[in-house]
Each structure stands twice: as C-alpha cells, then as structure tokens.
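Any value given below was found using the heavy atoms of this structure, including those in side chains, with hydrogens, waters and symmetry copies removed.
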Amino acid sequence: MTEIRTQLRFILNDRDVVLDEISATRTLLDYLRLDRRMTGSKEGCAEGDCGACTVLVGRLRGGELRYESINACICFVGSLDATHVVTVEHLSAASGPLHPVQQAMVDHHGSQCGFCTPGIVMSLYGMWMQTPDPSVNDIEVALQGNLCRCTGYAPIVKAGRSISAYGKVVADPLVAERQSITARLAALRDGRRIELGTGKDRIIVPASADDLADIYAANPTGTLVAGATDVGLWVTKFMRDIGPMIYIADVADLHGIAELDGALRIGAAVTYSEAQAAIVARYPQLKEFWSRIGGQQVRNAGTIGANIANGSPIGDTPPPLIALGASIVLRKGDARREVRLEDFFIAYGKQDRQPGEFVEGVIVPALPEGEQFAAYKISKRRDEDISSVCAAFRVKVEDGKVASAVIAYGGMAATPKRARAVEAALIGKPWTSATVEAALPVYEVDYQPLTDMRASAEYRLLVAQNLLRRFFLETTGAAERLTREVA
C-alpha cells in the first residue's frame with residue numbers, strides 16, 4: 001500500500017517551507033506576494049507571457065540539481081514539493097552589494113520603469129549559471145519569455161554579456177551551495193504520495209506512474225497538471241476550479257527518453273527543454289521550430305505529453321509529430337494501448353481518451369533515409385507566441401515523382417489535421433512546381449479555417465498554400481530557408 005504524506009515541503013530561498021494546507025489554485029506568484037509579502041516578482045499578464053514574475057526553480061533530475069526559469073503566475077504551489085524556489089530577493093542582501101547580474105543591469109542602463117526588471121534579472125541569472133560567457137543568441141533565447149516595453153533590449157543584451165566581469169559563477173551561492181541543497185532536496189523526496197485538502201482544493205502528487213494510474217482511475221474527473229502552461233490560464237483568466245489537482249510533472253517514471261526499436265520514446269512528463277537535445281539530434285529539421293515553442297520559461301515547464309493530451313488545434317507539437325508518424329501510449333490502470341497520434345484527435349475538445357486514461361508516453365519513429373521533412377510556425381510575434389498556422393511536411397521522392405506524402409497542419413481546423421486531399425494530389429506526380437501549383441486549390445477540400453484574433457480564414461488558407469510552396473523550394477535547391485517564420 002502506498003504511503004501518504006499530508007504536507008508539501010520545499011525550500012524558498014534559504015528557508016524550509018512546510019504547508020499543511022494550500023488551495024489547489026494558489027499560484028506561486030500569489031503565494032509570494034500575498035502570503036509571504038515578497039513583492040519583487042511582478043504580475044504583468046497572469047498568463048505566462050510577459051516574464052515579469054520569473055523565478056528559478058531547482059529540481060532533482062536523475063540525481064542532478066538543475067535550476068530553470070519558470071513563470072510564477074501560472075505555477076501552482078501544489079507542484080513545488082521537493083524543489084528549491086529562488087526569487088529575486090535572494091540575489092542580494094538588503095545591506096549588501098548587488099548581485100553581478102543586477103550590477104550589470106545598472107551599469108548598462110538595462111532598466112527604466114523597472115517593472116519587468118526582476119523577471120529579466122532572474123532569466124539572465126538562470127542563463128549565466130549554465131553559460132557564463134553567453135553569446136548574443138544565448139541571451140536572446142534566455143529572454144524570449146521576457147517582455148520590456150520601455151528600455152529596448154540592446155542595453156539588456158549588453159548587460160547579459162558582461163555579467164562575468166562582475167563576478168564568477170563558481171562563487172555564486174547557488175553554485176557554491178549546490179551540494180548541500182541537493183542533499184536537502186533528496187531528503188525531502190521520500191517516495192510517498194502527497195495528499196492534502198479536500199474537494200476543489202484537494203491536491204494529489206503521485207509517488208510513481210503506477211500510483212498515478214491508481215489515483216486517476218479512482219478520480220477520473222480530477223485535473224491532470226504537468227507544466228500548467230495551459231491549466232494555469234484556466235485559473236488566472238477563467239477562474240475555474242481544478243481540484244482535485246493531480247500533479248504529474250515530477251513523476252520520475254514519466255521522465256524517460258530512450259531508443260525503442262529505432263524510435264524515440266518520450267515520457268509524457270518530459271518538458272520541451274528536456275527533450276530538445278534528443279529531438280534536434282534525431283530530427284535536425286526541428287531545431288529552429290523547437291526554439292519557437294513558447295519562451296524559455298514555457299519550455300522549461302510545458303510538457304510534450306500535455307501539449308498532446310489537451311487536444312488544442314493550435315498546439316505546436318502535434319503537426320510535426322503527426323508528419324513523423326508518431327503514436328502515443330495511453331494507460332488506464334494496468335492496461336495500455338497504442339494509438340496513432342493522427343487518430344487521437346476526434347473533434348474540438350474531444351480526443352480518443354477514456355475516463356481515467358492518461359498519456360503515458362510518445363513514440364516517434366526515425367525519419368526514413370532519403371525522405372524530406374520540415375516544420376514551420378507562423379505567428380504574429382516571432383518569439384513566445386501562439387501559432388496562427390503550424391505546418392509539417394514529410395515527402396518521399398523516387399525517380400523524380402512523389403512516392404509518399406504526409407502533410408499536417410494546426411490552426412486550420414478544429415483539431416490538428418492531415419491534408420489528405422492535398423497529399424493525394426501530389427502522390428504519383430512529378431515533384432515539380434507545376435504539381436505543387438496544381439495541388440494548391442485542393443486545400444479548400446481539406447480545410448475550412450476560422451477567422452479569429454490570430455488570423456483570418458483567408459490568410460490561413462493562403463499561408464497554408466504558401467508553406468507547401470516554401471517546402472518545395474527548400475527541398476529542391478534553395479540555398480537557405482526562404483523567410484523568417486513570422487506573419
């Protein structure tokens with residue numbers, strides 16, 4: 001029988017925190033500002049978009065302590081067991097000198113109104129600990145999830161490049177004390193299931209994947225929460241109750257990435273950041289695309305399994321995974337079944353998933369030798385924005401003719417969906433501009449997109465057609481990618 005603990009335990013800066021009760025919808029930002037009166041972290045958007053609330057969270061992964069930037073505004077306190085939460089208040093004592101990151105920001109005039117500054121400082125801090133001598137690109141990636149509306153980014157980038165001139169990483173407290181913090185967090189991870197609260201405020205943290213299967217079978221109306229990059233907005237924007245909240249992102253059994261009969265098997269709780277190296281190594285065509293998924297904070301928290309399970313028609317990962325022929329493993333109790341990803345999405349808000357059944361893993365086949373593959377994301381803002389249209393193409397050409405084609409889009413229908421009529425219009429034809437042009441009118445058979453705040457129906461259809469043109473040009477001799485992936 002699984003042992004149960006009725007307390008949440010974590011470290012906040014230099015203090016141990018033990019909570020016997022907390023609302024399932026209590027965000028870390030509200031806990032910091034309202035409960036602890038720590039007001040350095042700001043609320044700018046309450047949806048994980050602006051980065052003013054950025055903090056670092058340290059977690060043990062495979063015995064290694066790793067600190068990552070996350071958005072406190074959509075992070076639930078119930079997800080923080082056995083973590084080290086670091087806020088901007090921890091960087092410098094009130095009577096002490098500024099932290100190197102802070103001093104660099106001062107000297108390079110990286111702040112004006114200052115509202116976004118604490119979040120920018122924390123993002124730079126997280127980057128600096130991993131990359132003490134960052135390039136401009138390193139800094140731009142680290143700051144994808146931080147918006148500044150008055151300074152402009154040039155002074156901030158200069159500050160980011162000069163941090164090591166003000167101090168060395170090896171002397172930083174989070175580095176110098178890493179061994180002791182690792183030991184403290186390891187002691188907090190006692191292998192027990194965590195349960196506290198009742199009704200809508202009930203929080204459950206499973207001890208293992210088997211424990212999760214038992215819990216979800218008994219609580220099929222509970223809300224599975226991984227990175228909360230979507231569920232967080234249910235709370236902050238729509239004021240929804242999510243209890244009982246079943247937090248799964250720290251279930252170790254769901255964190256594996258492994259080779260399986262030539263395919264890549266990714267656990268459902270693997271974050272975008274954790275998966276990036278393996279994905280890019282196997283599918284280098286996704287390198288640029290992967291860095292367009294949210295900002296750094298979103299990639300550090302959001303998971304591939306949840307991006308699939310929530311069934312959004314504009315999720316970033318389904319189109320390329322469908323094009324690659326991916327499948328998912330669904331589990332209910334001890335029973336498992338494998339479903340092709342393209343068959344998982346049935347209708348808007350409806351997936352082939354039974355009550356009490358959850359996504360346990362994703363299986364992505366290797367790209368067959370000689371096949372052409374690419375994925376594109378079109379959005380209003382280049383970084384940290386939701387897709388207007390997302391597209392992925394996989395085409396095999398033999399003897400100058402299209403032998404096979406798999407084309408998938410997001411943002412064009414109520415679900416991520418293949419362009420089967422367009423595929424049929426290409427297969428068996430010469431892989432030429434004339435064939436592509438002849439296939440473009442067929443898009444209206446596959447898709448009747450909607451008009452919304454992100455794009456009009458006419459624009460979406462035109463973009464979808466143009467992306468096929470682009471894929472053709474890039475696979476038949478274009479020296480470089482033709483345009484920046486932004487509307």
Side-chain angles (χ1 to χ4, degrees), residues 10-13 26-34 36 38-59 66-77 79-80 83-92 98-102 104-106 110-131 134 138-151 153 155-157 159-160 163 172-174 227-229 232-233 236 249 271-273 291 293-302 381 383-385:
F10 59 95
I11 303 170
L12 175 57
N13 293 329
R26 195 63 160 173
T27 65
L28 174 56
L29 181 61
D30 282 349
Y31 174 76
L32 293 174
R33 293 181 61 85
L34 303 179
R36 303 302 294 258
M38 298 168 65
T39 56
S41 305
K42 311 299 183 187
E43 181 178 300
C45 66
E47 58 185 41
D49 196 39
C50 74
C53 66
T54 301
V55 300
L56 299 186
V57 174
R59 284 188 169 88
R66 184 170 64 217
Y67 288 93
E68 293 180 320
S69 57
I70 62 101
N71 293 304
C73 69
I74 53 173
C75 171
F76 298 117
V77 176
S79 70
L80 295 172
T83 66
H84 183 201
V85 178
V86 182
T87 72
V88 70
E89 285 87 353
H90 194 52
L91 268 63
S92 174
L98 292 177
H99 187 277
V101 180
Q102 295 169 314
M105 286 284 286
V106 170
S111 176
Q112 283 188 22
C113 80
F115 190 87
C116 65
T117 303
I120 290 173
V121 164
M122 296 307 291
S123 289
L124 290 176
Y125 183 27
M127 173 210 67
W128 177 67
M129 281 195 295
Q130 298 182 42
T131 312
D138 292 330
I139 296 167
E140 289 179 345
V141 170
L143 295 178
Q144 280 178 314
N146 294 85
L147 301 182
C148 177
R149 301 195 183 279
C150 57
T151 305
Y153 294 93
I156 299 170
V157 171
I163 298 170
D172 188 83
L174 288 191
T229 57
L233 275 67
T236 62
T271 67
Y272 303 118
S273 293
S291 68
I293 299 174
Q296 190 67 59
Q297 296 93 322
V298 169
R299 292 195 295 273
N300 288 339
R381 187 173 67 221
D383 289 322
E384 201 195 20
D385 201 1

Is there a donor-acceptor pair closer than 3.5 Å between any side-chain N or O of [X] and the backbone N or O of [Y]?
| X | Y | value |
| --- | --- | --- |
| Thr236 | Ala46 | yes |
| Arg33 | Thr39 | yes |
| Asn71 | Asp49 | no |

Output the distance between atom [atom1] ([X]) and atom [atom2] ([Y]), rounded to the nearest 0.5 Å.
| X | Y | atom1 | atom2 | result |
| --- | --- | --- | --- | --- |
| Phe10 | Leu28 | CZ | CG | 7.0 Å |
| Ile70 | Thr54 | CD1 | OG1 | 8.0 Å |
| Leu34 | Thr27 | CG | OG1 | 8.0 Å |
| Asp30 | Arg36 | CG | CZ | 14.5 Å |
| Leu32 | Leu12 | CG | CG | 6.0 Å |
| Leu80 | Arg26 | CG | CZ | 13.0 Å |

Would you indicate whether the side-chain heavy atoms of [Y] and [X] approach each other to under 4.5 Å?
| X | Y | value |
| --- | --- | --- |
| Asn13 | Met38 | yes |
| Leu124 | Leu143 | yes |
| His99 | Asp172 | yes |
| Leu91 | Met122 | yes |
| Tyr153 | Ile139 | no |
| His84 | Tyr67 | yes |

Nearest atoms (heavy-atom pairs only) where [X] meets [Y]:
| X | Y | value |
| --- | --- | --- |
| Val86 | Val55 | O-CB, 3.4 Å |
| Thr229 | Ala301 | CG2-CB, 4.2 Å |
| Pro134 | Thr131 | CD-O, 3.4 Å |
| Tyr272 | Val298 | CD1-O, 3.9 Å |
| Glu47 | Cys73 | N-SG, 3.7 Å |
| Ser79 | Arg59 | O-NH2, 3.3 Å |

Worksheet entry | Any side-chain donor near an acceptor of the partner, Glu384 and Asn146, under 3.5 Å | no

Item to complete: Using distance alone, with no hydrogens and no angle criterion, decide if Gln296 and Ser123 have a side-chain donor and acceptor under 3.5 Å apart.
Response: no

Item to complete: Report the C-alpha distance between Asn300 and Ser69 in whole Å, list the side-chain angles of each, state the deciding distance to 0.1 Å, and finish with yes or no for side chain to side chain donor-acceptor pair (under 3.5 Å).
Response: CA-CA 7 Å; Asn300 288 339; Ser69 57; 3.3 Å; yes

Discussion item. Quick test of your reading: applying salt bridge (Lys or Arg N to Asp or Glu O under 4.0 Å), list the pairs with at least one residue in residues 68-77, sequence neighbours left out, ordered by first then second residue.
Written reply: Arg66-Glu68

Discussion item. Could you walk me through whether Val88 and Gln102 satisfy the side chain to side chain contact (heavy atoms under 4.5 Å, CB included) test, starting with their C-alpha distance in whole Å, then the side-chain angles of each, then the deciding distance to 0.1 Å, before giving a yes or no?
Written reply: CA-CA 10 Å; Val88 70; Gln102 295 169 314; 4.2 Å; yes

